[in-house]
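Below is one structure, written out as structure tokens; the observations come after it.
Here is the naming used below: chain letters follow the sequence lines, and residue numbers restart at 1 for every chain.
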Amino acid sequence: MTWAVVALMAVITFMNRFLFLLPGLSFVPNEKLRLLLGFSSLSVLTVIWVPFVLTWDKHAGMSITGYDYIIGSLLALFLTWLRVHTLLVISVSFIGFSIVRWVF
Amino acid sequence: MARLARQAFAAILPLSIAVIPWGVLAGALAIQAGCSPLQAQCLSVLVFAGAAQLSAVTLTASAAPVSTILSSTVIISARHVLYSLVFRTHLANERLSKRVLAAFLLTDEMFLVSEAHTKRVGKFSYWFAVFAGGFFYFFWNVATFVGILVGESVGELDALGLDFAIVATFIAMSVEQIKGKPEVVVIVCSAVAAILLKSVAGDVYIIFATLIGMTSGYLVFISLKKDEDKS
């Protein structure tokens with residue numbers, strides 16, 4: 001990797017983050033757009049984590065990454081539903097995930 | 001201000017801990033891909049985008065052309081455009097220097113923690129967002145530095161299944177946002193769209209699946225509101 005690639009990657013990621021914060025842009029989102037964007041974080045989170053656990057292929061169909069991922073995820077879902085602190089959810093479900101991985 | 005910094009630190013800490021394995025991996029893989037230690041650290045100092053960095057060093061290791069590396073960076077970090085659109089509503093009247101700083105620190109984690117804080121207290125706090133982003137930047141760069149030092153043991157790190165830390169963190173952060181039917185619909189539609197689109201669209205699936213998830217939640221919210229207004 002060259003320094004030019006590092007610099008260009010830095011420019012690309014910064015511009016994606018800065019695009020709508022450019023001072024010349026007079027666009028202001030209306031209430032409907034704000035409402036729509038209110039669901040963005042929930043959607044992005046789901047879209048990123050789900051494919052770690054479940055995958056689909058047109059030939060093989062739906063498959064799970066492994067029992068460790070499924071059981072660990074269910075444990076995390078259950079603990080979050082119980083309103084346990086985030087750090088505890090991560091620690092306990094990771095321990096559960098590691099035990100299942102070790103057993104199987 | 002100190003209280004706000006403490007609150008931001010407490011809010012970003014679980015995510016900062018969860019991201020340490022990824023930071024270590026980003027540093028270690030960069031070294032394995034042939035980067036110098038300074039280049040590997042500069043990726044985290046200047047680019048500061050985990051998925052884009054990991055993808056770039058993986059592509060570099062497989063001798064992919066520069067155009068492929070840069071286009072993957074554009075696609076993977078394109079979701080940040082959505083975040084900047086949300087932040088525009090918060091930062092419309094702020095100075096350029098403050099916008100630049102917020103934009104530089106605008107990651108998935110900073111955005112999520114800041115939006116959760118905004119929803120909780122009822123208004124956006126610039127300094128909460130910047131402190132959270134700053135702490136996260138610090139953790140990411142220290143983790144990368146550690147990764148550079150232990151670059152040779154990546155194989156073992158990979159075998160531990162540390163990507164599950166991200167899964168658990170994201171589950172906790174998404175499920176705690178559920179307030180009613182629209183959020184449940186967002187999760188279900190985003191999940192189905194992500195599973196199906198990832199197999200056909202590659203990395204760009206993140207953008208399309210997110211748009212599908214957001215729109216479905218919005219439509220359910222609007223229809224529920226109409227029903228409420230009628231009754």
Side-chain angles (χ1 to χ4, degrees), chain A residues 1-10 12-14 16-21 23 25 27-29 32-37 39-58 62 68-69 72-73 76-77 79-81 83 86-87 89-90 93-94 97-98 101, chain B residues 14 18 35 39 42-43 46-47 49 52 56 60 66 69-70 73-74 77-82 84-89 91 96 99 103-104 106 111-112 115 161 163-165 167-177 183 186-187 190-191 194-196 198-199 206 209-210 213-214 217-218:
Chain A
M1 186 178 285
T2 63
W3 282 107
V5 174
V6 175
L8 284 168
M9 280 181 68
I12 290 167
T13 49
F14 178 74
N16 275 339
R17 290 163 171 160
F18 191 58
L19 190 65
F20 279 105
L21 299 175
L25 221 62
F27 172 74
V28 178
K32 281 182 180 173
L33 189 54
R34 282 185 214 189
L35 186 60
L36 180 71
L37 292 171
F39 293 115
S40 62
S41 67
L42 179 59
S43 187
V44 168
L45 284 168
T46 311
V47 160
I48 293 175
W49 79 258
V50 170
F52 275 109
V53 182
L54 295 167
T55 48
W56 180 80
D57 181 85
K58 61 181 172 188
M62 188 80 93
D68 43 2
Y69 283 83
S73 303
L77 279 167
L79 292 171
T80 312
W81 179 68
R83 301 277 163 199
T86 309
L87 209 52
V89 172
I90 298 164
S93 58
F94 192 80
F97 163 84
S98 305
R101 171 167 274 222
Chain B
C35 292
Q39 278 178 330
C42 277
L43 273 171
L46 301 172
V47 179
T60 304
V66 171
I69 296 170
L70 295 181
T73 307
V74 172
S77 66
R79 66 186 183 281
H80 293 117
V81 174
L82 292 177
S84 84
L85 184 55
V86 176
F87 264 41
R88 180 174 181 80
T89 61
L91 300 171
L96 179 64
R99 290 180 191 211
F104 181 73
L106 185 52
F111 173 76
L112 298 166
E115 283 300 291
D163 51 358
F164 183 76
V167 174
T169 311
F170 281 20
I171 287 175
M173 292 196 72
S174 53
V175 173
E176 70 184 9
Q177 283 190 43
E183 286 83 7
V186 170
I187 290 180
S190 305
I195 293 166
L196 296 180
K198 191 168 187 185
S199 69
I206 291 178
T210 301
M214 285 162 65
Y218 172 79

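Counting heavy atoms from C-beta on, the side chains of B/H80 and A/T13 never come closer than 4.5 Å. In this structure, A/W56 and B/K198 have side chains that are not in contact, with every pair of non-hydrogen atoms separated by 4.5 Å or more. B/I195 is listed as a side-chain neighbour of A/M62, based on a closest heavy-atom distance under 4.5 Å. Under the 4.5 Å side-chain criterion, counting only non-hydrogen atoms from C-beta, B/S190 is not in contact with A/V50.
Only the side chain of B/T60 has a heavy atom closer than 4.5 Å to any heavy atom of chain A. A/K58 does not touch chain B: none of its heavy atoms, backbone or side chain, sits under 4.5 Å away. When heavy atoms are compared at a cutoff of 4.5 Å, B/I171 approaches chain A by way of both its backbone and its side chain.
Nearest heavy atom pair, residue A/M9 against residue B/A52, reads CE-O, 3.8 Å. Taking each heavy atom of A/S43 and B/A209 in turn, the nearest pair found is OG-O, 4.0 Å.
Counting heavy-atom pairs closer than 4.5 Å to chain B, the top-ranked of the candidates A/L77, A/D68, A/I12 is A/I12. Put simply, of B/L46, B/L82, B/L91, B/V167, the one with the most heavy-atom pairs under 4.5 Å next to chain A is B/V167. Counting heavy-atom pairs closer than 4.5 Å to chain B, the top residue among A/I48, A/L8, A/V89, A/V53 is A/I48. Among A/V6, A/L35, A/T55, the residue with the largest count of heavy-atom pairs under 4.5 Å with chain B is A/L35. The greatest number of non-hydrogen atom pairs below 4.5 Å with chain B, out of A/T80, A/L45, A/I90, A/L79, is found for A/L45. Listed options A/N16, A/L19, A/T46, A/V5 were ranked by heavy-atom pairs under 4.5 angstrom with chain B; first place goes to A/N16.
Atom CG of residue B/L85 and atom CG of residue A/L21 lie 9.5 Å apart, to the nearest 0.5 angstrom. In this structure, the separation between CG on A/L42 and OG1 on B/T210 is 10.5 Å, given to the nearest 0.5 Å.
Taking the six-membered ring where tryptophan is involved, the planes of A/Y69 and B/F164 are perpendicular, since the angle between them exceeds 60° and thus also 30°.
For B/E183, there are no side chain to side chain donor-acceptor pair (under 3.5 Å) partners, not counting sequence neighbours. Legend: residues meeting side-chain contact (heavy atoms from CB on, under 4.5 Å) with B/L106, ordered by chain and number and at least two apart, are A/R17, B/Y83, B/S84, B/F87, B/M110, B/F111.
Summarising the local packing, CH2 of A/W3 is surrounded by more than 12 heavy atoms from other residues, nucleotides or ligands at distances under 6.0 Å.
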